[in-house]
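Below: the structure, in structure tokens.
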Amino acid sequence: MNSSAHPHFKTHFAELFRAAANAIATPDANVRIELTRTKQASHGDYSCNLAMQLAKPLHKNPREVAGLLIDALPASPYLEKVEIAGAGFINLFLKHSAKQQCVHQVLQSKEMFGHSDSGQGKKIQVEFVSANPTGPLHVGHGRGAAIGASLSSVLTAAGFNVSREFYVNDAGRQMDILTLSTWLRYLELNDIHIPFPQNAYQGDYVKSMARLIHQAHAERYVHHPELVLDGLPVTVLETVVSTDEHLDLLIANAKKVLGQDYAYIHNFVLTEQLGDCRNDLMEFGVEFDTWFSEQSLYDNGSVARTIQLLNDKKYLYEQDGAIWFRSTDFGDEKDRVVQRENGQFTYFASDIAYHLNKFERGYEQVINIWGADHHGYIPRVKGALQALGLDPAKLEIALVQFAVLYRDGKKAPMSTRSGEFVTLRELREEVGKDAARFFYVMRKSDQHLDFDLDLAKSQSNENPVYYVQYAHARVCSVLAQWDGDAADLIEADMAALSSPAELALLQKLIDFPDTVEMAAKEFSPHLIAFYLRELASEFHSYYNSTRFLVPEIALQHARLALIAAIRQVLKNGMTLLGVSAPDKM
RNA sequence: GUGCCCGUAGCUCAAUCGGAUAGAGCACCAGCCUUCUAAGCUGGGGGUUACAGGUUCGAUUCCUGUCGGGCACGCCA
């Protein structure tokens, strides 16, 4: 990347303009040097608005400043010409040779093209998915998984030291409800029929787990129904009334009558669901470096210690028998309970401990990918970090809007508890991993995603991932029919590539590293998806207008080298998104 | 009711911390396969960037208000 033969143009030109700005003795040397790619060919390849920024402090009109800057601009071997345009833009035109050399760079760097060291090895953690292990992942989780995985890959490519983490909520009430649900299903298998609460987990996977326990342990966990229903109103015997109190009583009874066996069932369902989740995600191309247990924060005293720390700093107070954190000191709407009247810590309490733990592990930047419905939770978490003396700016919360499912043109219901949901696994099996991964990151993460199941399942040519993959397969096909060795193309002379389409393609390849950097900086993997579609589009157009296997060897090799480079960049981009790059379609 | 996010072509979405004539895909219309993969390409119509003000050389972008939509407002997780 840093070879003087292959400069990073934006950086290179920024240095030239910095020198020019200093030379004309600007009173404000702190201006940011901005270089942007132009939209129109008549505006050159790169544009700089420095003259307009300096016009005011220099008390001169922008075009005059532009003239001074150009006069002071050090010579560059890559520039064909420099022009003043519009209100004072300075447009840079690259020499053809400067563009052509990027083919060599791509073919030499191979899968590393697009990688940079701009992240400087900074330790950064991305926490995502973190779904309750109480049932199969659904298509909503899928979006967080796809965005988190792609963003992690992008950050890695941009030179960050990335750690992917899944926070396992194994300590809460939801796990108790799943444990109870499984046990009730197990009792049914033993001909003990207790009305199954509506707000318990209804899914078939609960029955499956009950069968596994039944097969392995027969009637070992059977208890008399009267004990199970102890203390519950008589009416529940006939109905499936389902209040939280009802459920909590059942859970309490289960813990009482099962004793040590409760922990066994709890652990069994947790292990089952976590294993299922892990496999599901692995098949989706999503893997984690760390699966972090919430329960461990209780077991090793982290939660109690963290709360004590907040208390020492005078951010806690007691009211109505509960312990509150004064989050309003940090802009939250109201104070929040960290320890309930019954002595139980809240989820918020363990979450504070968790975030403190993240920074204790040395991460310089932490990114949480959350569903947008959690946005109200941000002020209290950031507030807690601030209270603990940490910089809340080091925690970045990326909100992901839920995917809204459409089936037969209507919204599909989504509720884990009721069992009416489309699972991620189902989606993968029907539309394929590639389509699902690409589809999920096709739009900005803070935008709603309308997921048309019928369209996604139809395998029609409307699926955008095929368009990009097809470009890759087409290049493979051409190179397979050429009787040379692709490795030799690195030596090809690119001077023959001078048509507008070819020069535009060369510039597009040059743009790839910038796009990766931008995606990393803005936490926006969708930029990669858009880039790939644009590159594929330009290639398809080029393919239809130009023959590659032409008789003139120099021209043939130059064109083949170009499409080989395009193939490499398409593959690198698709890899970032977890999409495969097939050789044939 | 309060807070946060959003409102761009018929539909789904882009637009590089404020830049030049706001761009793609789908849909619609008209064309292109005896030539390297037609899952492709070429051309066409489509817009007061919800609305009204403000800030400045310049606003889809920033500020205020109105309208419309989403989400959140537990001693749940």
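Chain A is the first sequence line, chain B the second, and so forth, proteins listed ahead of strands; every chain is numbered from 1.
Residue contacts for A/Thr515: at a heavy-atom cut-off of 4.0 Å it reaches no nucleic acid atom on any strand shown. Residue contacts shown for A/Gln344 are absent, as no nucleic acid heavy atom lies under 4.0 Å away. Nucleic acid contact for A/Phe548: base, since at least one base atom lies under 4.0 Å from a heavy atom of the residue. Residue contacts shown for A/Ala471 are absent, as no nucleic acid heavy atom lies under 4.0 Å away. Base engagement by A/Asp583 is indicated by at least one non-hydrogen atom pair under 4.0 Å involving a base atom. Within 4.0 Å of A/Ser541, counting heavy atoms only, lie sugar-phosphate atoms of the nucleic acid but no base atom. Counting non-hydrogen atoms under 4.0 angstrom, A/Arg443 reaches the backbone sugars and phosphates but no base.
Listed nucleotides: B/G19, B/A39, B/U21. Nearest to the side chain of A/Asn49: B/G19. When distances are taken from the side chain of A/His43 to each of B/C13, B/A20, B/G40, the shortest belongs to B/A20. Proximity note for A/Val478 (side chain, C-beta onward) versus B/G40, B/A20, B/C36: the nearest is B/C36. Among B/U56, B/C36, B/A15, the nucleotide with an atom closest to any side-chain atom of A/Lys444 is B/A15. The side chain of A/Tyr543 lies closest to B/C36, out of B/C36, B/U12, B/C41.
Between B/G58 and B/G19, the two P atoms lie 14 Å apart (nearest whole Å). Comparing B/C57 with B/A52, their P atoms are spaced 24 Å from each other, to the whole Å. Across the P atoms, B/U61 and B/U49 are found 10 Å apart, a figure rounded to whole Å. Separation of the P atoms belonging to B/G7 and B/U16 is 13 Å when rounded to the nearest angstrom. B/U8 and B/A50: their P atoms are spaced 6 Å apart (whole Å). Only the P atoms considered, B/C4 is 24 Å distant from B/C13, to the nearest whole Å. Rounded to a whole angstrom, the distance from the P atom of B/C32 to that of B/G69 is 48 Å. The same atom, P, is picked in B/A9 and in B/A24; the two are 16 Å apart, to the nearest Å.
Legend: residues meeting side chain to side chain donor-acceptor pair (under 3.5 Å) with A/Tyr542, ordered by chain and number and at least two apart, are A/Glu502. Listed by chain and residue number, nothing satisfies the side chain to side chain donor-acceptor pair (under 3.5 Å) test with A/Glu333 (two or more places apart in sequence, or in another chain). Remark: A/Gln273 engages no residue in a side chain to side chain donor-acceptor pair (under 3.5 Å) (not counting sequence neighbours).
Base orientation at B/C33 is syn, since its O4'-C1' glycosidic dihedral falls within 90° of 0.
With ring centers used as reference points, A/Tyr377 lies under 6.0 Å from A/Trp370. In this structure, the ring of A/Phe330 has its center less than 6.0 angstrom from the ring center of A/Tyr315.
Taking OG1 of A/Thr306 as the reference point, atom CG of A/Leu297 lies at 7.5 Å (rounded to 0.5 Å). A/Arg336 CZ to A/Phe325 CZ: the interatomic distance, rounded to the nearest 0.5 Å, is 10.5 Å. The CD atom of A/Gln344 sits 5.0 Å away from atom CG of A/Asn342, with the distance rounded to the nearest 0.5 Å.
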Would you give a per-nucleotide map of nucleotides 69-77 of chain B, 5' to 3', where B means the base has a protein non-hydrogen atom under 4.0 Å away, S means only the sugar-phosphate does, and - means neither? -SBSSSBSB

Using Watson-Crick and G-U wobble pairs whose two distances are both under 3.5 Å, how do you write the pairing of RNA chain B as dot-bracket, with | for links to another strand? (((((((..((((.....[...)))).(((((.......))))).....(((((..]....))))))))))))....

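For B/U37, one of the phosphate oxygens OP1 or OP2 lies less than 4.0 angstrom from a side-chain nitrogen or oxygen of A/Gln481. Proximity of A/His472 to the phosphate of B/G40: no side-chain N or O atom is located under 4.0 Å from OP1 or OP2.
Contact check for A/Ile307 versus A/Leu316: side-chain heavy atoms found under the 4.5 Å cut-off.
A/Gln568 places no side-chain N or O within donor-acceptor distance of the main-chain N or O of A/Ala564, the cut-off being under 3.5 Å.
Between the P atom of B/C5 and the CH2 atom of A/Trp370 lies a distance of 16 Å, rounded to the nearest Å. What separates NZ of A/Lys584 from C1' of B/C36 is a distance of 15 Å, to the nearest Å.
Checking A/Asn368 against A/His374 by side-chain atom types alone, no donor-acceptor pair falls below 3.5 Å.
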Check the pair A/Gln174 / A/Asn169 against side-chain hydrogen bond (donor to acceptor under 3.5 Å, both in side chains), numbers first and verdict last. CA-CA 9 Å; A/Gln174 297 306 319; A/Asn169 299 125; over 6 Å; no

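The residues A/Glu127 and A/Lys358 are annotated as salt-bridged, a charged nitrogen and a carboxylate oxygen being separated by less than 4.0 angstrom.
Contacts of residues 81-92 of chain A with RNA chain B (heavy atom under 4.0 Å): A/Ala85, A/Phe89, A/Asn91.
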